[in-house]
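Below you'll find the structure, written out as structure tokens, and then a few comments.
The analysis underlying the following values was restricted to heavy atoms, covering all of them including side chains, and did not include hydrogens, waters or symmetry mates. Both counts, for ligands and for their atoms, begin at 1 and track the order of listing.
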Amino acid sequence: MRKNIVAGNWKMNKTLQEGLNLATELNAALADTKLNCDVVIGTPFIHLASVAASIDTKVIGVAAQNCADKESGAYTGEISAAMVKSTGADYVILGHSERREYYGETSEKLNSKVALALANGLIPIYCCGEALEVRNADEQNAYVKNQLEETVFNLSTDDFSKIVIAYEPIWAIGTGVTASTEQAQEMLAFIRGLIAYQFGKDMAENTSILYGGSCNAKNAAELFAQPDIDGGLIGGASLKVADFKAIIDAF
Ligand code: PGA
């Protein structure tokens, strides 16, 4: 059975102290609550160890927002998957459009990152999604299919069974423009169909596929009610406990 997941992506926000406050407040807000989804927070690298140590990681999983495409060595400023894992984090967001767009992350690099994440016991939350020009040309399906075929569709069945997919149309990220429920459901159903074709129906049924892009307390319930939407990757609305909790409660 696939899991429902609400994952926060803090991006480059919050100092260490602010991040610790946010994480511990969320932890307190979720304590003794019956949750209908897994909850994950994606913090900056330097927050990971302190956040993981100050919350109940059985209730809130911790994610990095990236990891290196190399195992170890002379790569100044990089953080390896093994280092991420050693902080107590269990997830890593990979292939976010901001990483692809601003930091030149190619499918080739992402293949190394996904492989290293898996080899180190991290669960990749693998992002895909098209830009506005692609959507306007009605080429989003082919675009997303290609993104998946160049990367995670090359994984073994065993490895693919460990990953989470997040569809985030770039035109909806941080813009306040959410994909309509129909657009999100249609794309996630399409992705599930691709997984079925590639890995079989059981794998498709068991893969968690998230929607991301201006998901908030107001639209989460309608999005999560769709048959193929298994949760959300939440940017802006994950930075305030009340907003993020309302999204978690939408399940
Ligand atoms: P947003 O970001 O919720 O602020 O649109 C989502 C994301 O980029 O993961």
Could you pull out the closest heavy-atom pair between Y91 and G61, with the gap in Å? CE1-CA, 4.2 Å
Check A184 against Y211 and note the closest heavy-atom contact, atom names and distance. CB-CD1, 3.8 Å
Any idea how H47 and W10 line up, ring-wise: parallel (<30°), tilted (30 to 60°), or perpendicular (>60°)? perpendicular
Can you give me every donor-acceptor pair (side chain of residues 116-123, partner residue at least two apart or in another chain, under 3.5 Å) with its distance?
{"unit_1": "N120", "atom_1": "ND2", "unit_2": "L116", "atom_2": "O", "d": "2.8"}

Can a donor-acceptor pair be found between the side chains of Q147 and Y167 at a distance below 3.5 Å? no
Name the residues in contact with ligand 1, where contact means a heavy atom under 4.0 Å away: which are they? N9, K11, H96, E168, A172, I173, G174, G213, S214, L233, I234, G235, G236
Check this for me, if you would: do D69 and K109 make a salt bridge, where the nitrogen-to-carboxylate-oxygen distance has to be below 4.0 angstrom? no
